[in-house]
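Below you'll find the structure, written out as structure tokens, and then a few comments.
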Amino acid sequence: MSTATFVADTTVLTGRSMKHITRSLDTIITVTITPIALMLLFVFVLGGAISTGPDSGSYVNYLLPGILLITIASGISYTSYRLFMDLQGGIFERFQSMPISRSSVLWAHVLTSLVSNMISVVLVVLVALLIGFRTGASVLAWLGVAGILVLFTLALTWVAVIAGLSAKSVDGAGAFAYPLIFLPFISSAFVPTSSMPAPVAWFAEHQPVTPIVDTIRALFAQQPVNGDIWIALAWCVGILVVAYGFAMSIYRRRISRG
């Protein structure tokens, strides 16, 4: 299959998946409810008792990067669910009998996840603005934040593809997302890692969420990102490459068995 065929097939199949999203916008709303509720809880109930340092400014400014990652981690569970349901419904077998690019079937789900998650992120940012989030970040800094979030979404979405292809039940297809949603709680998303017990702080400083959160926070605050951005990009690209490789390997095995 040529590149032009792959792009054309992926576009058509993405349109099919997006129709499912537009017909059930409650999915996007549901995905945003939990992160928004967490943001409101921490800002208005717990935020006054949390110290984030003298230069951190408003707590919602400190909190928002972590909430955005939780939003994405929540949203990708629907990707594995939709993929699993397509497999169970025999859609993949029908596609295999047609002259289309095989990988375009997966990429359609990935691109749908990217679009729906970015919509959810925008909704969360709008709510954050309503409750006091402020930033003097430049257009370039906003583009940097968007780029990191897109890369993070793509990385986790390919992890979701693995879950969707491997799951034995609907519950199993979405359950993998729970540890990913929990991960920001053991990072610098809510409190500085220096306030944590030593073993917890070590884990928080050496897992992928902390450098991503710190990079986004620095971009919003117009502060130097230092080396955090390279660590964040390394985590995102590393997860993306490994997850993509595993997902395609599992998909090829399923096709060959089919």
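None of these values were measured; they are calculated from a predicted model.
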(request) Evaluate the side-chain proximity of Y62 to F42: yes if any heavy-atom separation is below 4.5 Å, no if none is. (result) no
(request) Apply ring pair (Phe, Tyr, Trp, His ring centres under 6.0 Å) to W142 and list each qualifying residue two or more places apart in sequence or on a separate chain. (result) F220
(message) Is it true that T193 and E205 share a donor-acceptor pair across their side chains at a distance under 3.5 Å?
(response) yes
(message) Looking at S80 and S77, would you say the former's side chain and the latter's main chain have a donor-acceptor pair under 3.5 Å?
(response) yes
(request) Check whether any side-chain heavy atom of W158 sits under 4.5 Å from a side-chain heavy atom of I162, and report yes or no. (result) no
(request) Compare all side-chain heavy atoms of T34 with those of L38 and state whether any distance is below 4.5 angstrom. (result) yes
Considering only distance and modelled atom types, tabulate donor-acceptor pairs under 3.5 Å from the side chains of residues 68-76, sequence neighbours left out.
residue, atom, partner, partner atom, Å
T71, OG1, I67, O, 2.8
S74, OG, I70, O, 2.9

(message) Which label fits W202 and H206: parallel for a plane angle under 30°, tilted from 30 to 60°, or perpendicular past 60°?
(response) parallel
(request) Using the salt bridge (charged side-chain N to carboxylate O under 4.0 Å, His left out) rule, collect all pairs that involve residues 206-220, keeping only residues at least two apart or in two chains. (result) D214-R217
Which atom pairs, donor and acceptor, lie under 3.5 Å between side-chain atoms of residues 230-249 and protein residues at least two apart or in another chain?
residue, atom, partner, partner atom, Å
S249, OG, R253, NH1, 3.1

(request) Could you list the residues that satisfy ring pair (Phe, Tyr, Trp, His ring centres under 6.0 Å) with F182, not counting sequence neighbours? (result) none
(request) Under 4.5 Å between side-chain heavy atoms, chaining through other members, with only Ile, Leu, Val, Met, Phe, Trp and Tyr counted: pull out the rest of the cluster around L130, sorted by chain and number. (result) none
